[in-house]
Amino acid sequence: MESGDPEESEKVYRRATELNPDQVLAWQGLSKFYELNDKWDRYFDTLTILLKLYSGSQDAQKSADTLQRLLESYRQHGTRVQVVNGLTLLLPGSPFFSLLATLPAPNPTHRTSATMTTQAAVHNTLPTLEEVISLTEAEEEGVFRREIEKRRTRLGASSPEQLRKEVFKEISTESKLPIFYHEVLNHPNTSDDLRRLTESKLLRYKQRQLHSLPNTADLVGIKAKLVSEINNLVDGVILLQIPDELAWTIFFEKCDCEDISGYATDVVAQFITLFAESSMTALFKGYLRYRGVPFITGHEAPDESEDPLDAIFNAYPAVSHTIFANRIVSDVYLADGDYEKTMKAATQGLACLDSFQVDTGMHLQRTHVGIQAVLATSLVHLFPPKYFEQASVLIDEVLAFSPENILCLMGRAYIYQANGEWSDAEPLFCHIIQLLPDDLDIGLRAREERAWCQCQMNDFDNGLSGLQSVIISLNHIYGRDSDVSRCLWRLGSSHWRLGGDEREAAYKFFIAALKHDPAFAPAFSSLGTYYLECACPPDPIRASKCFQKAFELDPRESMAAKRLAGGFSDDGEWELVEVIAKRAIEGEGGLDAGFKEGASGALPKNSWAWAAVGVVELHKKNYPAAIGAFQTALRAEPDNQLIWLRLGESYGKAGRLAAAVKALGRASALDSSDWNCSYLIGDIERRMSHFQNAIDIFKSILDSHPSEVGVLFSLSQAYLDLGQTESSSGFRLRSEESITAAIQIALALIKGSSGFRSVAWKVITDAAFLLSDSPSFVDEGSVRLLFQDAHNLFLDGCSQLAGLVNKRNLQDDMPVNGVAALEVAIFASASRLSICASDQLSCGSAWYDLGISLYSWTIYPRHAADASRIQARAVECLTSALQDDPENEVYWNALGIAQFLLRPMIAQHAYIKALDINSKRASTWVNLGLLCVQYGDFELATKSLHRAQVLDPECTLAWLGQALTAKANGDNVAARALLEHACSLSATLSQADYEFAFHLFQEAKSMKILTFDALLPAYFLIERYCARQPDDAAGLHLFALICEGLGHVTFGEKLVSRAIAILEVAYEELEETEVENQYVIANLTLGRLRLSLGNYLGAVLSFESAMGLLQGETQNSVGNLRYQSCLGSGLAHFMANDLEIAMSFFQEAQAVTDNILLKGKISVLLAQTMWAAGADDHKAIAKAQLLECISHDPENLSAINTLAGMGILTYDDSLVEAALAEILSLPVEERRKMDPQREVDYLLVQHHLGQNHIQKALATAQKNVYVVPADVNERQALASLTLRAKQAGSTLGIVGAPSCKVGESVATASTLLRLHAVAQLTSASSSSKSPIQLAQRAVMLSPSNIDGWKTLAYVQARRRGGEEIY
């Protein structure tokens, strides 16, 4: 160690201790080494070994010195636990204590001794014990806090209280504190103060340990032992009157007594003496004064200035966690008649008792029964009979343990009384009288109640005498006037029941009762009944005053309340009826007490009050409260039809329609003759969109009550709603019938009743407005008659429309269409406006109807001349509507629609205002989005339309708006998907059908080939559109174009002819250039369709009609139309074999266009016409023109093919080569791009076949297959050529197995089957199907293909032995 090598030094010392473990010098050196190098843990261990060595050698001095050094090291460098462990070595239980005790006691005069501290500790262990206790308490408290902090944040941790118990249980299991406490208590040097302090600590520690142990079977013995130890400590404290409040509190808590009088008065007196400032002392003093118990002699007299109840209630919060405090307070509340607070205090007392029993494992049965008795009594008297069921359960439990419990016997008897079971109540009161014969409180009350039961059982002799006897007894007791008053009233009530002259005696008793107690409410109620029924003459005024006084004194006087409410209802004082009904309910416990949550099956006594409250809440539109009130009333009167009716009405107005139907169905079952119930059911069915059911119900009511105007109006509204639903579903005829039925009923209302004209005109307005969407009517005659009838009833107020809209004379020769219906809507709304001028809301609705109808009037093209004036008037009407009802978002939305095109800023403001009022209305968001689309703000449009879709995913217009936005942004894929979704929604929209059909048609046109699959969806969409808009020329024209693409040429001709007729009428009315251009285009389409049908003369007339309207026009678009008309005329004349005229039209077409492509096409047609003329000079000119055309446009494939065809026909190989040389020299990719239909290859093949060079034709076809091996058409062409070359085996290899592959068209499959059948017939190959079967299958796939039938005939002929034909 001196050499400076610590590691080597330690090794040397360690080797020495290993060689001789008892070598003290080695251990001493090692300890010094560890001390110098601050290796304290090893130093502690080394000193402990030295201590054991010195103890083994019985060297007390060195042992004491070593132990003292160890303790000093622990204090300086060790933990609290190590210090405690070191100190315990100085206590009697230590293995070193006997040796250390041999040291002499310390001499105060020789303080230089090195072991003096140890000697002093050994000869007086009390200071050491105190230090050990102090350190251990601190250590355990630190461990407790750390464990709580660590565990409380864990997932699934227990409650804080339970967590504290668990941690302390773990600590107390290993703790030695109780042992140390006992050693202090048993130590001879312990002072009295230290002894009291230690006992207090031990009591609290054991109580805490007891509470931490769970009530499990394995711990029952431990808990019982702890309880015994605690009780011994508590008993010692009580015996010696030690001022430890916890011990005294435990003594009172564990006291098991049924009645509060079971607490020892002397112990209470000692407690008051010891703890004068305690809250519990204040509680005891207040209770003793309240009960009139003489104050204990020798104690200071209490302060008489403070009210005992105030003293009790002021002290209670501080001790509310104790059992006996809650028992005292509940007893006080019970005596004071405050049953609700009694129930709360008793309930809290039971909770404290349960907690105490769980913590201690003790079972205080008597205490539990005593608190239950108080709780049961409070439940009996708290708003009877609400809590009778709960009280009965408690009473049964108490009487099972204590059959003579007076409170529960009285409670059981009171329950029998309240239920009218007098014969059961009377024996119980007799039993109580026997138990308390001389008692002037409960015993005397039992005598009174027994006499009252006898009177109710018609035993008037005994009953009346018993009541008289009780009155005599009460008169001798001070302060019992209220009891005397009650007995007198009961005497009077009994005499009243006897009837006759006895009622006059009853009157005297009632008066006497009020003299004893002027606040006794039942006496006033009985007096009121007397004044109404017995006084001569009856005095309703005095009776009403009596009832009012009785009800003011006690809201539980239900008879008085009902009579008061009846009187006020007769006078129309409904507000007073509401006040009385609610106060009567409060007398039962209030609107929210008892019957809904804590009632346990109890029924309200005042069902009439609940029903009255329900009606009032219904009128206030507080529907949930009304429903709750009616439900409560029905619990008492489940067969009250009127309440069921009102409940159903409340359900309906609250939106709970299914519940409304059930409630009204119950009301109808109770009284099937009540048509009001059926009417409400019909109205609910209408609101549930079961319109036909509603109509049937209303009709059945009208069968027996034909003049009920309200039912007629509801019937008309149901028809109107049904018509609107049918219209949106596309059922045009049904919709028309329903709407006209609504108009017919409304007209009958106007004629038959003056009070409902406003609502009738409203129905007519809405119905006519719905009909205005129909361009024509199925039953035009019926609609005409209805409109004529309405015209005759229009009021003079319609004069305000003069100069704007004039009434038409609907004669038989004039068509009745949507315009006529809109006119009816306008004049009907104006008539309504003239009626409801005084009603602000109705007037606003009428202005809105008129405004929106006028705006719709301007949409029709025929009214374009007056559109600006009428639109201005429409805006004025909508503004007037907003002035009457500025918070109506529908009116603001309509104003935005009216200003949509005129003033977009105002329209935007109107939409935003509507959204401020109601931001959840999808239609307003849609209109705002469409406004943004109209004026190019597509980002805001997308946001607005998306918000509308979120609010209403079924809003078709929102999806259509999104599609328009996507289309405007150039995203046609998204536009198609959005349009497809819009058209698939249940709420179909005609505009969406048209837009999607037009989009599909444009897509098909962009493919350059109008395929069947591409056009078929567009066909169904435009068909649905035209069914709803049969007079829309644009829709009919688009329908015709789609039919043309599908090959339905005849139907297309009919459609475009209808469009032309509509456009003719429109042009005659408007004479607009746009209509004229549409007319021209329609004629061009008609000419083209007629040309396809072979009606060349009709085609010529159509084209000439178009050309006649295009004369003198110079616009580019007109030039294109003129080109088409010339081209069409030329083709028509060509097909009619008028070649000269055809050539003149083709030449004119060349002259009217500057487009090279168009010129090239017309040059080809002109050349073909010249070639058809047959003259050699014409043919030469045709060839020259085609060569010139090709020189100007080398990529004009049509010219190249035509020229090559001419060369083939004239066997001019040089001409064919000249025509095809340039295109054949192109790379394959460019060639296929230039000739996607492979017309050049077809011409080459035909050229080789014409020259009988079949091998060259095969080579050309094989080359095409090699270039595009997946092309089915090329494979068909090659298979056909191999079959012609009698190479049937090769044909079978090319066409493959006879099956329809995915993606293969029907025509292709049919062709391949035909080739396979013929090839198999002429080859030696075998197949699972015969050639006839293959040919038959080809015919089945395409029965309209004549080649299939020819193939089948050929195969059948060959099978019968006919010649081989190719």
Side-chain angles (χ1 to χ4, degrees), residues 383 386 551 555-556 558 561-671 674-688 690 694 697 710-711 714 717 841:
F383 305 125
K386 284 189 179 179
F551 191 59
R556 293 174 297 177
S558 58
K562 189 171 184 179
R563 287 183 180 271
L564 273 178
F568 286 131
S569 64
D570 293 339
D571 297 336
E573 299 287 346
W574 295 107
E575 293 182 358
L576 294 176
V577 172
E578 177 187 2
V579 172
I580 292 170
K582 287 190 174 181
R583 192 157 187 271
I585 291 172
E586 289 174 1
E588 292 187 286
L591 291 170
D592 56 350
F595 295 114
K596 298 178 181 62
E597 297 176 359
S600 301
L603 301 177
K605 294 189 296 184
N606 299 321
S607 61
W608 64 270
W610 288 96
V613 169
V615 172
V616 171
E617 297 293 349
L618 180 60
H619 290 164
K620 289 181 178 180
K621 298 183 180 180
N622 188 6
Y623 303 122
I627 291 169
F630 287 131
Q631 287 176 336
T632 305
L634 284 172
R635 291 185 62 181
E637 296 185 69
D639 293 332
N640 190 311
Q641 188 265 348
L642 184 58
I643 298 178
W644 278 108
L645 181 67
R646 294 300 185 190
L647 177 61
E649 184 179 358
S650 302
Y651 275 134
K653 292 184 177 179
R656 299 169 61 179
L657 303 183
V661 171
K662 291 182 180 179
L664 292 170
R666 173 65 174 162
S668 179
L670 291 171
D671 185 3
D674 187 2
W675 66 268
N676 287 301
C677 183
S678 300
Y679 171 76
L680 290 175
I681 294 174
D683 186 63
I684 297 297
E685 292 284 356
R686 182 184 67 82
R687 291 172 57 192
M688 293 173 68
H690 301 161
I697 292 171
V711 181
S714 297
Q717 189 65 45
L841 290 178

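Distance alone, capped at 3.5 Å, is enough to place a donor-acceptor pair between the S650 side chain and the R646 backbone. At least one donor-acceptor pair under 3.5 Å links the side chain of R687 to the backbone N or O of G652. Judged by distance alone, with hydrogens and angles left aside, the side-chain atoms of W644 form a donor-acceptor pair with the main-chain N or O of P638 at under 3.5 Å.
One finds the CD atom of E578 at 10.0 Å from the CG atom of L576 (value rounded to the nearest 0.5 Å). Distance check: I684 CD1 to K662 NZ gives 14.0 Å after rounding to the nearest 0.5 Å. From L664, atom CG reaches atom CD of E649 across 8.5 Å, with rounding to the nearest 0.5 Å. Between atom CD of residue Q631 and atom OH of residue Y651 there is a gap of 4.0 Å, rounded to the nearest 0.5 Å. Going from atom CG of D674 over to atom OG of S678 covers 7.5 Å, rounded to the nearest 0.5 Å.
Paired with H619 under the rule side chain to side chain contact (heavy atoms under 4.5 Å, CB included), one option of N622, V615, V616 passes, and it is V615.
Using a 4.5 Å heavy-atom threshold, the side chains of C677 and I681 count as touching. A heavy-atom distance below 4.5 Å is not found between the side chains of L647 and R666.
The two residues W608 and S558 come nearest to each other via the heavy atoms CZ2-O, 4.0 Å. Across all their heavy atoms, D671 and Q641 have their closest contact at CB-CG, 3.7 Å. Of all non-hydrogen atoms in A633 and I643, the two that sit nearest each other are CB-CD1, 3.9 Å. Counting all heavy atoms, side chain and backbone alike, S714 lies closest to R686 at O-CD, 4.4 Å. The shortest non-hydrogen separation linking G648 to A660 is O-CB, 3.4 Å. The two atoms that bring F551 and L564 nearest to each other are CB-CD1, 4.0 Å, heavy atoms only.
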